[in-house]
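Written out below as structure tokens is the structure these notes cover.
Numbering of ligands and ligand atoms starts at 1, following listing order. When reading the values below, keep in mind they use all heavy atoms of this one structure, side chains included, and skip hydrogens, waters and symmetry mates.
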Amino acid sequence: MLGRMMSFPLTLTHFLSRAAALFPDTEIVAVRPNKTLHRTTYGATVARAARLANALTRLGVKPGDRVATLCWNHEAHLEAYLAVPAMCAVVHTLNLRLHPSEIAYIARHAEDTVIIVDQSLLGLFEKFRAEVPSLRHVLVVPDAGGPAPEGTLDYERELAKERDTFDYPTLSEDQAAMICYTSGTTGNPKGVVYSHRSTVLHAMAACMADALGVSESDNILPVVPMFHAAAWGVPYAGFLSGAKLVMPGPHLDPASLVALMASERVTLAAGVPTIWIGILALLDKDPKAHDLSSVRSMVIGGSAAPPSLITGFAERHGLHVTHAWGMTETNPLGTLARLRRGMTALPAEAQLEKRASQGYAVPFVETRHVDEAGKVLPRDGATMGELEVRGPWVAASYFGGEGADRFTSDGWFKTGDVVTLDLHGYVKITDRSKDVIKSGGEWISSVALENALMSHPAVLEAAVFAGRHEKWDERPIAAVVWREGKSATDEELTAHLAKHFAKYWLPDAYVAVAQVPRTSTGKFLKSKLREQYGDLLLSKK
Ligand code: ADP
């Protein structure tokens with residue numbers, strides 16, 4: 001027997017009609033390059049999204065066409081997030097931190113036909129524009145206030161020509177809504193095509209109380225860029241809930257972010273560990289300078305949140321961190337580290353271990369880990385294997401059919417993350433498979449060593465990577481960034497680590513660096529460290 005409920009497609013079009021009907025006065029705040037605040041509302045954003053859809057239609061955008069964005073986080077970017085999918089086209093968020101030739105590759109690969117680009121990013125755009133022949137129109141968002149150059153269209157002028165309403169088509173929920181490319185740390189960037197359905201379900205799951213718990217009364221700050229896995233779906237989750245949205249524009253330095261969180265009474269902010277490491281150092285310097293009492297949670301993901309970061313915020317500033325794991329391929333939220341019933345009675349250290357893990361899967365995401373032969377491993381919290389996931393917002397293939405080996409024949413996606421899983425389903429990432437250190441047949445977790453190093457008072461950041469070794473093949477080397485005015489000897493660091501790890505895990509060498517090299521999405525770029533220091537142990541001999 002079939003159910004007798006309405007067949008109502010899960011599409012982003014509903015986000016627009018809901019916002020217009022229920023939250024027209026809710027605020028959206030965006031920071032401009034000159035640091036002034038631009039204030040608008042949901043009502044105005046819905047109207048402007050309709051104008052954008054009209055303008056794009058006039059410019060010849062057809063169903064399925066890719067409309068690229070090269071933008072910071074701001075209200076016009078949100079307009080594209082909403083209007084482009086709702087008019088049946090596909091929004092393609094370009095990562096402005098990539099090299100121009102990589103951006104060109106990605107834009108060509110996706111066959112972008114129109115691009116919406118911030119005036120403040122035109123310099124970057126001009127470096128690759130000629131390499132993307134599919135681009136027919138360039139819409140320039142005047143974020144920096146000046147006129148659009150020759151050969152481009154002024155976003156505001158184009159919107160001004162149009163009507164406030166658009167006759168959005170009824171879409172199938174399986175239509176593509178957005179394309180995000182992986183950052184290419186594991187080969188060529190690959191396109192992940194989110195559907196309306198996956199985006200809607202993901203937004204609803206993100207809102208659940210045991211996930212991000214987004215509500216109408218939140219003031220949300222997505223620090224994570226809107227070109228990085230849809231800013232983790234935070235703008236969509238916020239918009240669906242009717243929360244106030246606070247968009248940081250290009251100002252992602254700790255001082256600007258803290259000031260914005262204080263002035264806009266931000267309740268929930270999300271970003272990669274680097275951002276929060278910088279913010280914690282700033283707060284430690286002058287704990288009384290900023291009033292962050294409105295903040296109920298800071299979501300950290302993208303790479304492992306060191307336990308010292310979680311305790312540093314909690315113990316010294318009364319701020320709560322929520323650690324989450326995800327990938328571009330998972331829309332991106334997959335797991336989230338919340339304590340379960342009974343765990344709050346555990347000793348502090350055991351609680352921290354859970355909260356610093358990647359947590360357990362959100363509803364509808366399923367997790368397992370397997371050995372090299374694909375055999376499912378026991379959930380004993382100790383056996384390491386590759387994490388595989390499946391669910392309604394997990395990619396089933398890449399755009400163009402590349403990377404087919406990442407999808408198993410029984411319907412799982414191979415994440416490339418090396419993890420343990422425990423009895424309660426908590427995932428703990430020990431490494432990305434390409435970063436794991438294989439010392440004489442034993443695996444050493446670089447993440448575990450990094451976390452322990454970052455709990456040393458002299459260490460601001462640490463990245464552990466594999467150095468080539470004649471006898472053991474690979475041995476750990478640690479690159480360390482000192483806290484301002486502090487340092488420690490190799491022996492001191494080794495003594496600190498020896499409290500937690502077997503002797504063969506301890507790094508064979510330490511190098512002091514001014515900064516850990518990073519990928520375009522803020523992850524440690526260990527290949528660069530290996531290039532630079534990988535032979536250190538061979539020459540040491
Ligand atoms: P890319 O795969 O191109 O680097 P993603 O942003 O999709 O870009 O990266 C996903 C990867 O980031 C995961 O596979 C994992 O290795 C890492 N990651 C994400 N969140 C966490 C986390 N909380 N802890 C540790 N690693 C994380």
Side-chain angles (χ1 to χ4, degrees), residues 93 95 97-98 102 106 178-192 194 202 211-212 224-234 270-277 298-307 309-310 321-338 353-362 365 367 369 384 386-389 393-395 398 402-403 406 413-420 426-436 445-451 454 463-464 517-528:
T93 51
N95 179 343
R97 293 201 203 286
L98 293 175
E102 292 175 292
I106 290 171
M178 180 184 274
I179 301 191
C180 293
Y181 276 69
T182 63
S183 56
T185 44
T186 46
N188 257 346
K190 290 187 268 301
V192 181
Y194 304 151
H202 177 273
L212 306 184
V224 49
M226 288 169 80
F227 57 74
H228 184 196
W232 304 347
V234 170
V272 293
T274 341
I275 298 279
W276 301 112
I277 288 171
M298 297 174 310
V299 182
I300 306 190
S303 51
L309 188 65
I310 299 174
V321 164
T322 306
H323 189 202
W325 170 90
M327 306 183 74
T328 303
E329 289 89 337
T330 64
N331 229 158
L333 186 58
T335 68
L336 205 123
R338 286 204 182 275
E353 203 195 314
K354 295 286 183 223
R355 292 197 41 223
S357 78
Q358 280 62 30
Y360 62 96
V362 293
V365 172
T367 50
H369 70 321
M384 289 191 215
E386 183 178 0
L387 177 67
E388 296 185 343
V389 292
W393 54 88
V394 178
Y398 289 111
E402 291 156 17
R406 301 284 298 273
F413 171 70
K414 295 158 80 75
T415 64
D417 285 330
V418 179
V419 303
T420 61
Y426 282 76
V427 173
K428 190 165 176 185
I429 295 195
T430 57
D431 258 307
R432 278 196 116 169
S433 47
K434 64 188 167 41
D435 291 333
V436 84
S445 159
S446 63
V447 175
L449 287 169
E450 284 158 7
N451 283 342
M454 286 191 258
V464 176
R518 294 186 190 285
T519 69
S520 63
T521 50
K523 298 176 212 296
F524 290 166
L525 189 56
K526 295 192 187 173
S527 54
K528 190 87 175 247

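Of all the heavy atoms of T182, the ones lying under 4.0 Å from any atom of ligand 1 are found in both the backbone and the side chain. Contacts of Q358 with ligand 1, taken as heavy-atom pairs under 4.0 Å, involve the side chain alone. Residue contacts with ligand 1, taken as heavy atom pairs separated by less than 4.0 Å, do not involve P332 at all. Only the side chain of I429 comes within contact range of ligand 1, with a heavy atom under 4.0 Å; no backbone atom does.
With 3.5 Å as the limit, one finds no donor-acceptor pair spanning the side chains of D435 and S446.
Taking each of G522, A305, S303, S357 in turn, the one with a heavy atom nearest to atom 22 (C) of ligand 1 proves to be S303. When L333, V299, D417 are checked for heavy-atom proximity to atom 14 (O) of ligand 1, D417 turns out nearest. Residue nearest to atom 9 (O) of ligand 1, selected from K523, H323, M327, K428: K523 (by heavy-atom distance).
For ligand 1, none of its N or O atoms has an N or O atom of G301 under 3.5 Å away. For ligand 1, the polar-atom distance check finds no N/O of I300 at less than 3.5 Å from any of the ligand's N/O atoms. For the pair R432 and ligand 1, the shortest N or O to N or O distance falls below 3.5 Å. The distance criterion of under 3.5 Å between nitrogen or oxygen atoms is met by A324 with respect to ligand 1.
F524 pairs by the ring pair (Phe, Tyr, Trp, His ring centres under 6.0 Å) definition with nothing, not counting sequence neighbours. By the side chain to side chain donor-acceptor pair (under 3.5 Å) test, E450 pairs with K526, sequence neighbours left out.
For the pair G416 and ligand 1, no heavy-atom separation below 4.0 Å is found. For A229, the closest heavy-atom approach to ligand 1 does not fall below 4.0 Å.
Ligand 1 places these atoms under 4.0 Å from at least one heavy atom of W325: 13 (C), 15 (C), 18 (N), 19 (C), 20 (N), 21 (C), 23 (N), 27 (C). Taking a cut-off of under 4.0 Å to the non-hydrogen atoms of H228, the atoms of ligand 1 that pass are 6 (O). Each of the following atoms of ligand 1 lies closer than 4.0 Å to a heavy atom of G302: 12 (O), 17 (C), 18 (N), 19 (C), 20 (N), 21 (C), 27 (C).
Between L387 and W325 the shortest side-chain heavy-atom distance falls below 4.5 Å. Using a 4.5 Å heavy-atom cutoff, the side chains of K428 and E353 are in contact. Put simply, the side chain of I277 does not reach to within 4.5 Å of the side chain of T274, judged on heavy atoms. Looking at R97 and T521, their side chains never come closer than 4.5 Å, going by heavy atoms from C-beta outward. When side chains are defined from C-beta on, L336 counts as touching L212, because their heavy atoms get closer than 4.5 Å. Counting heavy atoms from C-beta on, the side chains of T335 and T367 come closer than 4.5 Å.
At least one donor-acceptor pair closer than 3.5 Å links the side chain of Q358 to the backbone N or O of I429.
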